[in-house]
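Just so it is clear, the structure is predicted and the values come from calculations on it, not from any experiment. Note: hydrogens, waters and symmetry copies are ignored here, and every other heavy atom, side chains too, is used. Counting starts at 1 for both ligands and their atoms, in listed order.
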Amino acid sequence: MAETVTPSTPALLASLDPLLREWLPRQRWFAGKGRPVTGFSQVAETELLPSDGRVGLHHLLVRTEQPPAPAEAGDCYQLLIGVREALPPRLAPALIGHVPDGPLAGHTVYDALYDPRPAEVLLEALRTRARIGSLCFERAPGREIRDGLAARLLTAEQSNSSVVYGDTFILKLLRRVVPGVNPDLEIPLALAREGCARVPAPTAWLRAEPADEPGASYVLGVLQPFLRGATDGWELALRELAKGEDFAAEARALGRATAEVHTALADALPTVTLGHSRLEPLVDGMTERLAAAVQAVPALRPYEDGLRSAYTALADLAAEGRTWTAQRVHGDLHLGQCLRAPSGEWSLIDFEGEPARPLAERRLPQPPVRDIAGMLRSFDYAAHSATSAAEGWANRCRAAYCSGYAEITGTDPRTDPVLLRAYETDKAVYEVVYEARHRPDWLAVPLSAVHRLATSDPT
Ligand SMILES: Nc1ncnc2c1ncn2[C@@H]1O[C@H](COP(=O)(O)OP(=O)(O)O)[C@@H](O)[C@H]1O
Ligand SMILES: [Mg+2]
């Protein structure tokens with residue numbers, strides 16, 4: 001309730017507090033599920049459209065209080081609060097609530113991204129490289145934005161929120177934000193500098209530099225060209241499976257696209273040699289994740305020793321003096337992160353990495369096989385979601401993807417089976433925990449991979 005808010009909470013946030021406590025945990029992109037929000041602290045607040053007009057717009061960065069975590073460790077969320085006298089029916093799904101008191105008393109507040117007018121304010125600010133309060137709207141040199149492009153919110157299920165402008169641009173607004181260099185901007189910018197055409201180049205982006213956090217910069221969103229008529233790889237794979245069609249030619253093209261991105265990333269950003277000492281913490285991380293997974297999901301117990309052998313085999317190779325090259329990678333690659341344009345060209349998107357992991361970890365160089373393992377698991381997932389068992393379909397995709405990758409880099413990932421098995425195992429273990437927690441119906445999919453990986457010692 002509002003009276004429990006600390007006296008230092010600004011009046012606007014204090015008046016929204018009870019509404020946000022109800023609304024925020026219901027959002028798909030809310031990361032702190034399962035623990036109630038007991039309050040908010042403000043990181044930054046910026047008025048983008050005055051509330052005394054027909055439509056007001058407030059940009060808010062708020063940190064949630066979710067005990068037992070200490071308040072300063074709460075997650076920071078980006079909220080765009082629309083303000084109207086009353087909501088037209090088309091905006092009903094965006095409702096946050098009616099404000100009883102404070103500066104917006106008597107008004108209705110809602111998620112402004114559903115509303116074209118406030119969403120267009122963001123594009124206009126990027127177009128004009130505006131600086132408003134703590135918000136910095138920036139645009140890449142030489143990249144123009146036409147004015148007057150109409151906004152529509154993308155309604156696909158996603159972990160952030162994206163607005164499409166006139167089928168020309170797409171603005172991804174990050175919902176949970178952290179200070180520091182964000183790989184979702186850093187990597188596409190580096191690839192654009194490298195001339196890599198497999199990733200849409202950022203046109204513009206917005207950041208916050210909150211006055212109360214000197215030196216901190218939060219990347220809040222990235223605008224990039226919209227790939228008109230593109231289909232994501234997951235949808236396309238399921239469509240082909242439903243028709244009984246093979247996907248190997250597309251998988252090969254995806255292997256080539258992945259390899260092109262990896263090659264450009266290795267040129268654009270630092271690489272390191274992974275020998276025994278650098279590999280050890282990576283293997284320790286895998287081993288720890290396995291131990292935690294076995295605790296959480298008893299169905300893993302019979303496979304524990306077999307799975308651990310995937311990691312010890314890798315550690316043994318390193319101890320014998322084998323080395324690998326680590327570089328910046330995608331970090332969360334799967335079919336849903338690949339878009340196929342009507343021309344047949346594939347693009348990779350969403351370089352945020354696994355959002356649950358700390359930023360510093362997501363930006364570390366890693367063996368490129370991390371991404372390859374992600375894609376191989378994704379073919380398996382697609383095959384298992386089909387009505388008829390499609391083991392052969394998945395195997396053909398996996399082989400074609402590795403061949404495509406080798407066509408560009410000269411190295412087939414299957415020629416390093418110990419490394420590939422360790423990374424596939426780590427991914428499958430992660431999937432088991434995820435499915436056990438969120439989608440028990442799907443648990444059989446990673447468990448069948450676990451069975452294969454635990455019993456397939458390639459050494
Ligand atoms: N450049 C683009 N062109 C067309 N659609 C895109 C583009 N970028 C993203 N999308 C669409 O937006 C969805 C979410 O984008 P993504 O970057 O993966 O966000 P999230 O972090 O929320 O997963 C994609 O699955 C795709 O459908
Ligand atoms: Mg995504």
* Does Ser159 reach ligand 1 with a nitrogen or oxygen that is under 3.5 Å from one of the ligand's nitrogen or oxygen atoms? -> yes
* Atom indices of ligand 1 within 4.0 angstrom of Glu352 heavy atoms, with elements -> 21 (O)
* Can you list the atoms of ligand 1 that are under 4.0 Å from a heavy atom of Phe226? -> 3 (N), 4 (C), 5 (N)
* For the residue pair Pro118 and Leu48, establish whether any side-chain heavy-atom pair is separated by less than 4.5 Å. => no
* Side chain, backbone, both or neither: which part of Asp184 comes within less than 4.0 Å of ligand 1 when only heavy atoms are counted? -> neither
* **Side-chain H-bond candidate by donor/acceptor type, Arg143 with Thr203, under 3.5 Å** => no
* Asked: Where does Pro225 meet ligand 1, judged by heavy-atom distances below 4.0 Å: at the side chain, the backbone, both, or neither?
  -> backbone
* Asked: Going by the angle between their ring planes, with limits at 30° and 60°, are Trp393 and Phe247 parallel, tilted or perpendicular?
  -> parallel
* Asked: Could Asp371 and Arg328 be called an ion pair, given the rule that one side-chain N must be under 4.0 Å from one carboxylate O?
  -> no
* Among all protein heavy atoms, pick the one closest to atom 10 (N) of ligand 1 and tell me residue, atom and distance. => Ile170 CD1, 3.6 Å
* Asked: Any chance the side chains of Glu354 and Tyr430 put a donor and an acceptor closer than 3.5 Å?
  -> no
* Could you list which atoms of ligand 1 come closer than 4.0 Å to a heavy atom of Gln337? => 18 (O)
* Asked: Can you find a side-chain donor-acceptor pair between Arg84 and Tyr110 that sits under 3.5 Å?
  -> yes
* Could you see which bit of Lys172 sits under 4.0 Å from ligand 1, with heavy atoms only: side chain, backbone, both or neither? => side chain
* Structure fact -> min-distance protein heavy atom vs atom 25 (O) of ligand 1 -> Gly336 O, 4.1 Å
* **Test of proximity, Leu227 against ligand 1: N or O pairs below 3.5 Å** => yes
* Asked: Counting heavy atoms only, which of Asp232, Leu348, Leu339 comes nearest to atom 26 (C) of ligand 1?
  -> Leu339
* Does one side chain, of Asn182 or Trp205, offer a donor that lies under 3.5 Å from an acceptor on the other? -> no
* Around Gln295, counting heavy atoms of other residues, nucleotides and ligands shown, do more than 12 lie under 6.0 Å from its CD? -> no
* the Mg ion (ligand 2) to nearest N/O/S of Asn160 below 2.8 Å -> no
* Presence of salt bridge, Arg131 and Glu209, under 4.0 angstrom -> yes
* Return the option from Ile349, Asp350, Asn160 holding the heavy atom at the smallest distance from atom 15 (O) of ligand 1. => Ile349
* Asked: Is Arg452 paired with Glu391 through a side-chain N to carboxylate O contact shorter than 4.0 Å?
  -> no
* To do: Assess Pro355 for proximity to ligand 1: is some non-hydrogen atom of it under 4.0 Å away?
  => no
* So is there a nitrogen or oxygen of Pro200 less than 3.5 Å from a nitrogen or oxygen in ligand 1? -> no
